[in-house]
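The structure appears right after this line, and notes come after that.
For clarity, every value in this text was computed on a predicted model and none was experimentally measured.
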Amino acid sequence: MTAAQRLEVKRNALGATRVTQTDIDAPAAGEVVVAIDRFALTANNITYGVAGDKIGYWQFFPSDGEWGVIPVWGFGDVIASAHDEIAVGERLYGYWPMGTHLTIRPGRIAATRLFDTSEHRAELPPVYNAYARCSHEPHYVADTDDARMLLLPLYATSYCLYDFMVDNQFFDATQVIVPSASSKTAIGLAYAMAGDDSGKHTVGVTSKGNAAKVESLGLYDQVVTYDALDSVDATKPSVIIDMSGNGDVLATLHRQLQDNMRFTSNVGITHYADNTMGDGFIKERSRMFFAPGHMQKRAKDWGPGEFEKRSFAFWLDAAKRSDSWLSYRHVNGVAAMEQAYKEVLAGNASPDTGLIIVPGS
């Protein structure tokens, strides 16, 4: 039918990459073939790779042996269908491999959503198996595709983090410390905290190079660079919401805060090479944050659909506010996609630029 290309990485050495090419067969009964139109690439995707074995990200798009495929969020169009309810030309938003095509088996189909019910995805979190049927969304506007695929997954996580802290009364902390404060997930969290009336003191921790940009956002009460962590007030009961995964930074903060370090939520692994915690790291009051788990808890607390409603409203508002500092850069073709991935992996992507990959162009 056609050839599909994918970017694969070594699961234990994310800097090693290869592009594979396979022929796509016509879809079997109940399947559809989707051409991946575009997707966003962020540091969040690097976290998927680092936590691939622990959380199961390698299972979405299986490869062989030591190689894996990192998932991304984006849009695709159905180019072949052997499913009575899914037409050629339908546009879908959801979870894709870094590549040009994907065959899925739609099930649990509603007016504006379907799930990939392929056998290898059956035990994976439902939020990652769901695809929005954009062609059937009454208010779908293609002009917002870039913002949606870049910011919705990140700001949904931001909202999850904020709501998780609210649900736990911020672990009785009065200070919220956010390493890698220039990351988009951190900025989304800062938007949420700016609207919080509990009076928490927010500290954004970032590099010297990003400090001016972070300060210009006006979202954090205090901006601290990594070489000045001793300026963080260690007398305040604190939670750390960490987007970096930098073990030395976390250990330093833990040593300074000691008993005042009430809880650390490990979210992202921007500095993936530094993801070994140093001396003084308080493991028993630290935990990896898994957004789908919190979503499932809130579905029980609030009823089906309510969390999605609240988080989507938050994303819309935060995305509009982000227009003042965020621009988009489009990268075309598989070869350029591979280079862009290495740029993000190395931490060289600009925090105020959204990287959009158009793999088939």
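Legend: residues meeting side-chain contact (heavy atoms from CB on, under 4.5 Å) with Glu215, ordered by chain and number and at least two apart, are Val223. Partners of Arg298 according to the salt bridge (Lys or Arg N to Asp or Glu O under 4.0 Å) rule, which considers only residues two or more places apart in sequence or in another chain, are Asp163, Asp167, Asp301.
Looking only at side-chain heavy atoms (C-beta outward), Asn44 and Lys184 stay at 4.5 Å or farther from each other. The side-chain heavy atoms of Thr202 and Val178, taken from C-beta on, include no pair separated by under 4.5 Å.
Residues Ser286 and Phe281 share a closest heavy-atom pair of OG-CZ, 3.4 Å. Between Leu150 and Ala40, the closest heavy-atom pair is CA-CB, 3.6 Å. Nearest heavy atoms, Thr157 versus Val267: CG2-CG1, 4.2 Å.
Linking Ile, Leu, Val, Met, Phe, Trp and Tyr residues whenever their side-chain heavy atoms come within less than 4.5 Å places Val19 and Leu41 in a single cluster. Criterion: ILVMFWY side-chain heavy atoms under 4.5 Å apart, direct or through other members. Under it, Leu316 and Tyr140 are part of a common hydrophobic cluster.
Checked by atom type and distance alone, the side chain of Ser238 pairs as donor or acceptor with a backbone atom of Lys236 at under 3.5 Å. The backbone N or O of Arg121 lies less than 3.5 Å from no partner atom in the side chain of Ser118, so there is not a single donor-acceptor pair. A donor-acceptor pair under 3.5 Å is formed between the side chain of Asp116 and the backbone N or O of Arg105. Judged by distance alone, with hydrogens and angles left aside, the side-chain atoms of Asn45 form a donor-acceptor pair with the main-chain N or O of Pro71 at under 3.5 Å. A donor-acceptor contact shorter than 3.5 Å is absent between the side chain of Thr144 and the backbone of Ala147. Checking side-chain atoms of Ser81 against main-chain N and O of Ile86 turns up a donor-acceptor pair under 3.5 Å. Remark: side-chain polar atoms of Tyr220 are paired, donor with acceptor, to backbone N or O of Ala181 under 3.5 angstrom.
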*Does the ring-ring contact (aromatic ring centres under 6.0 Å, His included) test come out yes or no for Tyr131 and Trp96, once each step is laid out?*
CA-CA 10 Å; Tyr131 291 83; Trp96 310 105; 4.9 Å; yes
*Is there a salt bridge (charged side-chain N to carboxylate O under 4.0 Å, His left out) between Glu85 and Arg133 once you walk through the steps?*
CA-CA 12 Å; Glu85 297 182 63; Arg133 302 178 70 188; 5.6 Å; no
*Go through the steps to decide whether Arg262 and Asp172 satisfy the test salt bridge (charged side-chain N to carboxylate O under 4.0 Å, His left out), and finish with yes or no.*
CA-CA 8 Å; Arg262 298 302 168 85; Asp172 296 323; 5.2 Å; no
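In this structure, Arg113 places its CZ atom where only 12 or fewer heavy-atom neighbours from other residues, nucleotides or ligands lie under 6.0 Å away. By the 6.0 Å contact criterion, CG on Asp323 is enclosed, its count of non-hydrogen atoms from other residues, nucleotides or ligands being greater than 12.
Using bins of under 30°, 30° to 60° and over 60° for the plane-to-plane angle, the ring pair Tyr48/Tyr95 lands in the perpendicular bin. Using bins of under 30°, 30° to 60° and over 60° for the plane-to-plane angle, the ring pair His294/Phe307 lands in the perpendicular bin.
Rounded to the nearest 0.5 Å, atoms CD (Gln339) and OG1 (Thr17) are 7.5 Å apart. Between atom CG of residue Asp230 and atom OG1 of residue Thr252 there is a gap of 10.0 Å, rounded to the nearest 0.5 Å.
Within the structure, every pair that satisfies the side-chain hydrogen bond (donor to acceptor under 3.5 Å, both in side chains) test and touches residues 55-72, not counting sequence neighbours, is listed here: Glu8-Ser63, Arg18-Asp64, Tyr57-Tyr128.
We find that Asp145 and Arg38 are not joined by a salt bridge, their nearest charged nitrogen and carboxylate oxygen being 4.0 Å or further apart.
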